[in-house]
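Reading through the structure tokens given below for one structure.
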Amino acid sequence: MTAYHAELIPRSPFSFDLTCQAMAAHTGGPVALDTYEGGVFRRVLSRDGRALLVSARSEGSVDRPRLMVEVWGDAVEPDDAKWASGWIRHLLATDEDLAAFYDAVGGDPTLGKVLARLHGLSPGRAATVFEALVLSIIGQQIAATVARLIRADLLQVYGTPVRRDGATYYGFPGAETLLAAGTDGLRKLRLSQRKAEYILGICEGVGTGTLDLEGMASLTREEVVGRLVRVRGIGPWTAEWVLGRALGRLDAFPAGDLALQRTLSRLYGDGRSLSERETADMGRRWEGYQGLVVTYLFAALRLRLLDEIQA
DNA sequence: AGCCAGGCTCTCG
DNA sequence: CGAGAGCATGGC
């Protein structure tokens, strides 16, 4: 096995550490899709039927960011390094203009403190819409800890394993694989009957071509949400979540999200829990950047920064 | 033990 | 329209 490398220069400011931590939080667990250990971000992706391990580490700083990307695996070719670099740019959203975001919303004193603590955090993305969708459906309603356990089983049972230095990394299973797993296979992962049906329905649509998920990148926000919500199992929360997580839309805003409602209530409300409508109204304060605000609030929540910010 | 989790569909008024 | 039941499972 050999490896090839490529350099990648993100737009400044860019915090490799914060961005990778957030990625790992979204898809992590006992077995993770995006892993971040010892300063190395790793992810298994397929190219022409070859499962390759793509990794990145930082060789710069937040203000002078520079990443070294590596691609490793069977039958890897020099040309794969550029391909891997393109994926890291997508996954870690390395060319997002964070400075413009800070200018636009930094005037808000409460939010300003969050931005300062998370300077350079970029809104990382899922590799595909399909992946974001399946993971979102798994995460619907259930506690985050339970979702992590189910994700781990999904990867271990149906993912594409790549072994390196005694560790195993998993690529996300394709629609055909999950389709073959069937209802029984998915239920064994502790998914409800309905969630299994939702996921299989999506796999079927992807397989037959009636559901073009990856083509949604070129559509407007309204078009994407409109089409997604028509799919069984996808409601407003999932559609907005996928819009932000996979398509990188900075204005995606899952107003129905319980954790988001609680967080906004804590920071801006009177402690009373916010309704979905009130949450959506509040999102308009940050028109155009609501999704990025959500990224920052959830990161602050995970890192337990809200207590000190509130005080 | 019972209630709730980073929702959605279906049913019923 | 809006409201309510049911879903699976692990934590508290």
Side-chain angles (χ1 to χ4, degrees), chain A residues 21-34 114 121 123-126 131-157 181-205 211 225-246 249 252-267 269 273-280 282-283 290-306:
Chain A
Q21 276 184 49
M23 285 294 278
H26 279 124
T27 69
V31 178
L33 182 56
D34 297 293
V114 177
L121 168 65
R125 305 180 185 128
E131 167 192 313
L133 209 40
V134 172
L135 292 179
S136 299
I137 288 173
I138 290 175
Q140 284 172 2
Q141 166 61 20
I142 60 174
T145 49
V146 180
R148 274 193 281 276
L149 296 173
I150 295 179
R151 280 200 303 255
D153 284 358
L154 174 74
L155 288 177
Q156 259 182 327
V157 178
T183 313
D184 293 345
L186 295 184
R187 292 222 56 181
K188 283 205 186 83
L189 302 175
R190 292 163 294 178
L191 288 171
S192 64
Q193 173 72 28
R194 285 229 288 254
K195 283 188 181 179
E197 287 169 9
Y198 297 161
I199 291 172
L200 287 175
I202 289 165
C203 290
E204 219 173 287
L211 182 59
V225 173
R227 290 191 194 191
L228 284 178
V229 167
R230 228 171 296 156
V231 178
R232 188 168 128 89
I234 306 178
W237 178 84
T238 306
E240 292 289 334
W241 192 249
V242 166
L243 192 67
R245 276 286 302 156
R249 303 296 167 86
F253 197 72
D257 190 296
L258 260 182
L260 178 61
Q261 291 171 1
R262 285 195 309 248
T263 304
L264 286 176
S265 162
R266 225 179 122 179
L267 291 178
S273 69
L274 292 170
S275 70
E276 178 164 356
R277 178 170 295 169
E278 290 170 315
T279 306
M282 199 169 283
Q290 307 96 305
L292 213 31
V293 169
V294 173
T295 299
Y296 276 72
L297 290 181
F298 281 165
L301 201 58
R302 279 195 302 276
L303 298 172
R304 304 181 190 291
L305 301 177
L306 292 181

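Sequence lines set the chain letters: A, B, ... in the order given, protein chains first and strands last, and positions in each chain run from 1.
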Inset, instruction - List in chain and number order the residues that pass side-chain contact (heavy atoms from CB on, under 4.5 Å) with A:L297, two or more places apart in sequence or in another chain; answer none if no residue qualifies. - result: A:L111, A:L260, A:T263, A:L264, A:L267, A:V293
Inset, instruction - May I ask you to say what A:P236 touches in the nucleic acid, namely base, sugar-phosphate or nothing, with a heavy-atom cut-off under 4.0 Å? - result: sugar-phosphate
Legend entry - Results of side-chain contact (heavy atoms from CB on, under 4.5 Å) for A:V225 - residues two or more places apart only: A:V229, A:A239, A:E240, A:L243
Between the protein and nucleotides 9-12 of chain C, which nitrogen or oxygen pairs come in under 3.5 angstrom?
unit_1, atom_1, unit_2, atom_2, d
C:dG10, OP1, A:R190, NH1, 2.9

Inset, instruction - Only counting residues at least two apart or in another chain, list the ones meeting side-chain hydrogen bond (donor to acceptor under 3.5 Å, both in side chains) with A:R151. - result: none
Legend entry - Identified stems (criterion: three or more consecutive Watson-Crick or G-U pairs, under 3.5 Å), DNA chain B: B:2-5 with C:9-12, B:7-13 with C:1-7
Inset, instruction - Only counting residues at least two apart or in another chain, list the ones meeting side-chain contact (heavy atoms from CB on, under 4.5 Å) with A:A24. - result: A:Y36
Legend entry - Residues forming a side-chain hydrogen bond (donor to acceptor under 3.5 Å, both in side chains) with A:Q21, sequence neighbours excluded: A:D17
Inset, instruction - With the side chain of A:Q140 defined as its heavy atoms from C-beta on, choose the nearest nucleotide among B:dA5, C:dC7, B:dC8. - result: B:dC8
Inset, instruction - Would you mind classifying the nucleic acid contact of A:L301 as base, sugar-phosphate or nothing, using non-hydrogen atoms under 4.0 angstrom? - result: nothing
Legend entry - Partner set under salt bridge (charged side-chain N to carboxylate O under 4.0 Å, His left out) for A:R190, not counting sequence neighbours: A:D153
Inset, instruction - Using a 4.0 Å heavy-atom cut-off across all strands, classify A:V229 as base, sugar-phosphate, or nothing. - result: nothing
Inset, instruction - Using heavy atoms to find the nearest nucleotide of DNA chain B for A:D257 and A:I234 separately, return the residue whose nucleotide is more 5′. - result: A:D257
Inset, instruction - Have a look at A:Q193 and say if it touches a base, only the backbone sugar-phosphate, or nothing, with a 4.0 Å heavy-atom cut-off. - result: sugar-phosphate
Using a cutoff of under 3.5 Å, can you pull out all pairs of nitrogen or oxygen atoms linking the protein to nucleotides 10-13 of chain B, with atom names and distances?
unit_1, atom_1, unit_2, atom_2, d
B:dC10, OP1, A:R232, NH1, 2.7

Inset, instruction - List in chain and number order the residues that pass side-chain contact (heavy atoms from CB on, under 4.5 Å) with A:V157, two or more places apart in sequence or in another chain; answer none if no residue qualifies. - result: A:L189
Table please: side-chain donor-acceptor pairs of residues 139-148 of chain A below 3.5 Å, with sequence neighbours left out.
unit_1, atom_1, unit_2, atom_2, d
A:Q140, NE2, A:G233, O, 2.9
A:Q140, NE2, A:T238, OG1, 2.9

Which side-chain N or O atoms in residues 298-306 of chain A pair as donor and acceptor under 3.5 Å with protein atoms at least two apart or in another chain?
none

Legend entry - Stepwise side chain to side chain donor-acceptor pair (under 3.5 Å) test for A:E278 and A:S275: CA-CA 5 Å; A:E278 290 170 315; A:S275 70; 3.3 Å; yes
Inset, instruction - Give A:T238 one of three labels, base, sugar-phosphate or nothing, depending on what nucleic acid heavy atoms sit under 4.0 Å from its own. - result: sugar-phosphate
